[in-house]
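Below: the structure, in structure tokens.
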Amino acid sequence: MDQRSYNQYCATARTLDLVGERWTLLLIRELLTGPKRFGDLQASLRGLGTGLLAARLKHLEREGLAHKVMLPPPARTPAYALTEAGAELGVPILGLARWGLKWAMGERRESESFHPGWAVLGLRACFDAEVAAGLRAVYEFRIDDEVLHARIDDGTIEAMHGPAQHPDATITISEEAFLDVTSHGLTFADAIETGAASASGDSEALRRLKGLFRLPPPRSREVDPPRPDHA
């Protein structure tokens, strides 16, 4: 597959030459949360055919953004992981996610798929570092069958797939209720207060949960028509 180029000596254009093709950034999004097997990527990226997925992965390998690894026991299967250069794309991708939460989300369309595992990056994108100042706690989130956790350390966050070894607080929520939180600008604390989610664990960690992950107020991209001048 020929790689298209903007043919501009510009950092933005050069970056888009590398990651601007369809599905490429979403592949990197998936790998930002850890190594993934080919089948894992297929399951998360419905609509991406096997041939195109293989081509995009070869492109990422060729350009030094991803490489093959072997998962540790008990899996012991080949997978793909980001290189240092690929991992640094996490900053602009999270920036795009924050922009999208404000300007692009709205209600879910019937044709759109959703995977609870995407909440790992969602937690990072919605994290309020100022609210988390001085907080050290581990939160485990159970969204139907998906389990993920976030480690908060004085204004920083590390969010990962899988259960936490010793969570300070555990939040259980259905996928449907989680989508309500995402689309209606609610917080996990709001969901707990209304009974849409349940929580257990350290009372102080649960108290600090309020405002820890906050969606930006949605904004409309429509431009108001100019007002007519009055003499």
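Cluster membership for L16 and I93, using ILVMFWY side-chain heavy atoms within less than 4.5 angstrom, is not shared. Linking ILVMFWY side-chain heavy atoms closer than 4.5 Å, directly or via other members, places I152 and I192 in a single hydrophobic cluster. Clustering ILVMFWY residues whenever any of their side-chain heavy atoms sit less than 4.5 angstrom apart, transitively, puts L123 in the very cluster that holds F178. In the hydrophobic cluster analysis, where Ile, Leu, Val, Met, Phe, Trp and Tyr join through side-chain heavy atoms closer than 4.5 angstrom, L206 is grouped apart from V131. No continuous path of hydrophobic side-chain contacts links M105 to W118 [ILVMFWY only; heavy atoms under 4.5 Å].
Checking side-chain atoms of R207 against main-chain N and O of D202 turns up no donor-acceptor pair under 3.5 Å. A donor-acceptor pair is defined here as one N or O able to donate and one able to accept, closer than 3.5 Å; no such pair exists between the side chain of T24 and the backbone of G20.
A 4.5 Å side-chain heavy-atom check between W99 and L94 finds every atom pair outside the cut-off. The shortest distance between side-chain heavy atoms of W23 and L45 falls below 4.5 Å. L26 places none of its side-chain heavy atoms less than 4.5 Å from the side chain of L48. Considering only heavy atoms from C-beta on, R151 stays 4.5 Å or farther from I157 through its side chain. A heavy-atom distance below 4.5 Å is found between the side chains of E193 and K210. In this structure the side chain of L135 reaches within 4.5 angstrom of the side chain of L212, judged on heavy atoms. Residues Y9 and R14 form a side-chain contact, since some pair of their non-hydrogen atoms from C-beta on lies under 4.5 Å apart. Counting only heavy atoms from C-beta outward, the side chains of H161 and K36 approach each other to under 4.5 Å.
Nearest heavy atom pair, residue F127 against residue G155, reads CE2-O, 3.4 Å. The two residues G211 and D128 make their nearest non-hydrogen contact at O-CB, 3.7 Å. Closest approach of A196 to A177, counting heavy atoms only: O-CB, 3.7 Å.
Taking the six-membered ring for Trp, F188 and F141 have ring centres closer than 6.0 Å.
In this model, a donor atom of one side chain and an acceptor atom of the other lie less than 3.5 Å apart for T187 and D190. When only modelled atom types and interatomic distance are considered, D17 and S5 share a side-chain donor-acceptor pair under 3.5 Å.
Dense packing is recorded around CG of D154, with more than 12 heavy atoms of other residues, nucleotides or ligands lying under 6.0 Å away. Residue-environment remark: CD (E112) exceeds the threshold of 12 foreign heavy atoms within 6.0 Å. Within a 6.0 Å sphere centred on CZ of R98, heavy atoms belonging to other residues, nucleotides or ligands number more than 12.
Distance CD1/I173 to CG/D144: 9.5 Å, rounded to 0.5 Å. Put simply, CG on L209 and CG on D168 are 12.0 Å apart, with the number rounded to the nearest 0.5 Å. Interatomic distance, CH2 of W103 versus CZ of R219, reported as 4.0 Å (0.5 Å rounding). Interatomic distance, CG of L32 versus CG of L121, reported as 5.5 Å (0.5 Å rounding). Taking CZ of R62 as the start and CG of L18 as the end, the distance is 10.0 Å to the nearest 0.5 Å. For the atom pair CZ (R46) and NE2 (H115), the distance works out to 7.0 Å, reported to the nearest 0.5 Å.
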Test salt bridge (charged side-chain N to carboxylate O under 4.0 Å, His left out) applied to R124 and E158, step by step
CA-CA 8 Å; R124 298 181 195 175; E158 185 180 13; over 6 Å; no

Could you walk me through whether S44 and E30 pass side chain to side chain contact (heavy atoms under 4.5 Å, CB included), step by step?
CA-CA 8 Å; S44 293; E30 295 300 309; 3.2 Å; yes

Please step through side chain to side chain contact (heavy atoms under 4.5 Å, CB included) for the pair F38 and T50, ending with a clear verdict.
CA-CA 9 Å; F38 192 93; T50 302; 3.9 Å; yes

Test side chain to side chain contact (heavy atoms under 4.5 Å, CB included) on T172 and I143 and set out the steps.
CA-CA 6 Å; T172 303; I143 309 172; over 6 Å; no

Before you tell me yes or no, could you show the steps for H149 and M160 under side chain to side chain contact (heavy atoms under 4.5 Å, CB included), namely the whole-Å CA-CA distance, both residues' side-chain angles and the distance that decides it to 0.1 Å?
CA-CA 6 Å; H149 68 279; M160 291 163 286; 3.2 Å; yes

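A salt bridge links R4 to E21: one of the charged nitrogens lies within less than 4.0 Å of a carboxylate oxygen.
Not a single ring-ring contact (aromatic ring centres under 6.0 Å, His included) links Y139 to another residue, sequence neighbours left out. Residues satisfying the side chain to side chain contact (heavy atoms under 4.5 Å, CB included) test with L179, not counting sequence neighbours, are R108, F114, E175.
When each of I171, T170, L148 is checked for a side-chain contact (heavy atoms from CB on, under 4.5 Å) with E140, only T170 meets the rule.
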Scan the side chains in residues 65-77 for donor-acceptor partners under 3.5 Å anywhere in the protein, sequence neighbours excluded, and list what turns up.
| unit_1 | atom_1 | unit_2 | atom_2 | d |
| --- | --- | --- | --- | --- |
| K68 | NZ | E61 | OE1 | 3.2 |
| K68 | NZ | E61 | OE2 | 3.2 |

